[in-house]
Amino acid sequence: MAWKILLPQEIMSEGRKLLEDAGHELIMGHGFETEDVLEDMKKHQPDAMIVRITPITREVIEANPNLKVIVRHGAGFDTVDLKACRDNNVQTLYAPVANSTSVAETALLLMFECSRNVTVLHKTWVNDFYTAKLKVRKNTLNGKTLGLVGCGNIGSRVATRALALEMNVLAYDPYKPAADFPDGVEVVRDLDRIFKECDYVSLHAPSTPVTKNMVNKERLATMKPTAFLINTARGGLVVEEDLYEACKNGVIAGAGLDAIRQEPVDPKNPLLTLDNVIMYPHIGGNTVEAAHRASYFSAMGVQEVYEGKRPTWPINDVDYETAKTYMDTKKPDKQPAGMFDF
């Protein structure tokens, strides 16, 4: 017997076709908020759900004893109550590689925009061409040092692209052996080195009890005054009040953010008032190409569970406080070209 599958948000045609060809009934949700999904869960009692942006709480999960599987349409899964899923025998899946390239490109885009001071340029150049051209600060990425906090699917892609730009790349990821980092990356096991030595610090870690508020006043104070913080991961990694003060007072040069604590953004968020902070509405993984891949992989996961197969991408709920960590290091064989190498 085919399943009923709730879609709180639309998925792309490849995913729909896979599920419809298998005979499943797709139910479109009537709203994006958790309360909307709760109503749909009670009304339709679906067997499965593919969710993109809605937080899924214990109340939503326990409203439907028929629920068998939830698939997160993307790489992050901190919006799903995994313990509630375990307690109710609901399998949880995700699509960890579907949007990795798109998010990596977004991290680089933010680095480029911060380095060229685009917000100030946009405000200046029409009315004061020569100031914009000659006096507004602009820097190249070539020869600079990028520090990665987290070097998984996304961080690794950022690393290889930064190396192609002839940047030096340092990476910190205590849960990964040095041999698994991309070639050309210097593996460091001291997180403080990333913040102290790098011109760009790019966050690619999940939101966990270990990483929550890891970027705070004290850590920002160790960064270079010319350095930028880039966050395309999760807003909970950064104490925003501390970041605002650091950017406002010149402790660091600025920040590029695709993830903030409150989404949608509060119009009163003081970070919005700073010219040296660039903010996006968490669109790193929302390219057309990524959406097609995520929709297909999410649908594939539902079908795998339906057929009794071992799913390709189950969510592994890791206890990061007790997980195995590594202390081995690796240095690149060859340093990238410096800023005065021609």
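Along the sequence shown, residues are numbered consecutively beginning with 1.
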Next on the checklist: Is it true that T312 and E304 share a donor-acceptor pair across their side chains at a distance under 3.5 Å?
Outcome noted: yes
Checklist entry - Any sub-3.5 Å donor-acceptor pair from T145's side-chain atoms to C198's backbone N or O? => result no
Checklist entry - Backbone N or O of R52 within a donor-acceptor pair of the Q9 side chain at under 3.5 Å? => result yes
Item to check | Remaining members of the apolar cluster that contains V136, side-chain heavy atoms under 4.5 Å | outcome: V120, L121
Checklist entry - Hey, are H24 and Q303 close enough side-chain-wise for a donor-acceptor pair under 3.5 Å? => result yes
Next on the checklist: Taking K42's backbone N and O only, do any of them form a donor-acceptor pair with N64's side chain (distance below 3.5 Å, no angle check)?
Outcome noted: no
Anything under 3.5 Å between a donor and an acceptor, one on a side chain of residues 246-256, the other on a protein residue two or more places apart or in another chain? List them.
{"residue": "N249", "atom": "ND2", "partner": "E245", "partner atom": "O", "Å": "3.1"}
{"residue": "N249", "atom": "ND2", "partner": "E245", "partner atom": "OE1", "Å": "3.2"}

Checklist entry - Between the main-chain N or O of S295 and the side-chain N or O of S298, is there a donor-acceptor pair closer than 3.5 Å? => result no
Item to check | Side-chain donor/acceptor of E263 to backbone N/O of A259, under 3.5 Å | outcome: no
Item to check | Salt bridge present between K196 and D192 (N-O < 4.0 angstrom) | outcome: no
Checklist entry - Could you give all pairs that pass the ring pair (Phe, Tyr, Trp, His ring centres under 6.0 Å) test and reach residues 163-183, with sequence neighbours left out? => result Y175-Y320
Checklist entry - Where the side chain of S156 meets the backbone of N153, is there a donor-acceptor pair that is under 3.5 Å apart? => result no
Next on the checklist: Applying side-chain contact (heavy atoms from CB on, under 4.5 Å) to L203 and V238, what does each step give before you reach the verdict?
Outcome noted: CA-CA 10 Å; L203 306 180; V238 179; 3.7 Å; yes
Next on the checklist: Check this for me: K133, atom NZ, are more than 12 non-hydrogen atoms of other residues, nucleotides or ligands nearer than 6.0 Å?
Outcome noted: no
Checklist entry - Does L67 offer a backbone N or O that forms a donor-acceptor pair with the side chain of D47 under 3.5 Å? => result no
Checklist outcome for this item: The complete set of side chain to side chain donor-acceptor pair (under 3.5 Å) pairs with one or both residues in residues 284-294, sequence neighbours excluded, reads E14-H292, S102-T287
Next on the checklist: Just by distance, no angles: are the side chains of T325 and K176 close enough, under 3.5 Å, to form a donor-acceptor pair?
Outcome noted: no
Checklist entry - Are V239 and V149 grouped together when hydrophobic residues (ILVMFWY) are joined by side-chain heavy atoms under 4.5 angstrom apart? => result no
Checklist entry - Please walk me through it: do Y280 and L110 pass side-chain contact (heavy atoms from CB on, under 4.5 Å)? => result CA-CA 9 Å; Y280 297 161; L110 284 166; 3.5 Å; yes
Item to check | No-hydrogen, no-angle side-chain donor-acceptor test under 3.5 Å, K68 and N66 | outcome: yes
Next on the checklist: Between R193 and E186, does the salt bridge (charged side-chain N to carboxylate O under 4.0 Å, His left out) criterion hold? Intermediate values first, please.
Outcome noted: CA-CA 11 Å; R193 275 195 64 194; E186 180 177 352; 3.3 Å; yes
Checklist entry - Sub-3.5 Å donor-acceptor pair from the side chain of T54 to the main-chain atoms of F32, do we have one? => result yes
Checklist entry - Does atom CE of M28 have more than 12 heavy-atom neighbours from other groups under 6.0 Å away? => result yes
Checklist entry - Heavy atoms, side chains only, cut-off 4.5 Å: are L220 and L243 in contact? => result yes
Checklist entry - With distance as the sole test, does N117 use its side chain to make a donor-acceptor pair with the main-chain N or O of N276 at under 3.5 Å? => result no
Output a table of donor-acceptor pairs, distance under 3.5 Å, between side-chain atoms of residues 84-95 and any protein atom two or more places apart or on a different chain; print 'none' if there are none.
{"residue": "R86", "atom": "NH1", "partner": "D317", "partner atom": "OD2", "Å": "2.3"}
{"residue": "D87", "atom": "OD2", "partner": "R58", "partner atom": "NH1", "Å": "3.4"}
{"residue": "D87", "atom": "OD2", "partner": "R58", "partner atom": "NH2", "Å": "2.9"}
{"residue": "D87", "atom": "OD2", "partner": "K83", "partner atom": "NZ", "Å": "3.1"}
{"residue": "N88", "atom": "ND2", "partner": "E62", "partner atom": "OE2", "Å": "3.3"}
{"residue": "N88", "atom": "ND2", "partner": "A84", "partner atom": "O", "Å": "2.7"}

Item to check | Check: R161 main-chain N/O paired with R157 side-chain donor or acceptor under 3.5 Å | outcome: no
Next on the checklist: Can you confirm if the NZ or CZ of R72 lies within 45° of the ring axis of F77 and under 6.0 Å from the centre of its six-membered ring?
Outcome noted: no
Item to check | Selection residues 198-207 - residue pairs positive for side chain to side chain donor-acceptor pair (under 3.5 Å), sequence neighbours left out | outcome: D199-K224, S202-H204
